[in-house]
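Right, one structure below, let's go through it.
Counting starts at 1 for both ligands and their atoms, in listed order.
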Amino acid sequence: MSNTTETIFSKIIRKEIPANIVYEDDLALAFTDVNPQAPVHILVIPKKPIVSLATADPEDQALLGHLLLTVQKVAAQAELENGYRVVMNTGADGGQTVHHLHIHILGRRPMSWPPG
Ligand code: 5GP
């Protein structure tokens, strides 16, 4: 799959549509999910339009590490000291609906395992 897909997240990155942005730097953006599945539900995305984890390149290694450390920072900012779940839906069977790589942070409620 091409890594150049335009999605709703591209518009959020360009500030063409509103989002509740909770963190931003040169490489990443974090904003609350419009349809939250937990009291805290934040999406962390790269500004680079990578479609999914399955299409990331070896050259994205540092960026992927940066996204995980951004998750850590955003979770601390959201005071999720009791823990949280990190989810990266990937592809059709992974339940991915927006084709711009994103990491879900879900918190402030107990999570069950395995997920449905
Ligand atoms: P996926 O199912 O692809 O892993 O997750 C996509 C997520 O993006 C969903 O949780 C959905 O609620 C969220 N989402 C879709 N469109 C928008 C939007 O326009 N704004 C925000 N803040 N979240 C969105």
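To the nearest 0.5 Å, atoms OG1 (T70) and CG (L68) are separated by 8.5 Å.
The 4.0 Å heavy-atom shell around ligand 1 contains residues I8, F9, I12, F31, T32, D33, V34, N35, L43, N89, G95, Q96, T97, V98, H102, H104, ordered by chain and number.
Between the side chains of N35 and H41, no donor-acceptor pair is found at a separation under 3.5 Å.
Between F31 and the choices V22, V74, I45, the side-chain contact (heavy atoms from CB on, under 4.5 Å) rule is met once, by I45.
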- Any chance you could lay out the ring-ring contact (aromatic ring centres under 6.0 Å, His included) test for H102 and H104, step after step, and finish with the verdict? CA-CA 7 Å; H102 51 280; H104 296 259; 5.1 Å; yes

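Residues that satisfy the side-chain contact (heavy atoms from CB on, under 4.5 Å) test with Q61, not counting sequence neighbours, are absent from this structure.
R109 places no side-chain N or O within 3.5 Å of a backbone atom of V40 that could act as its donor or acceptor partner.
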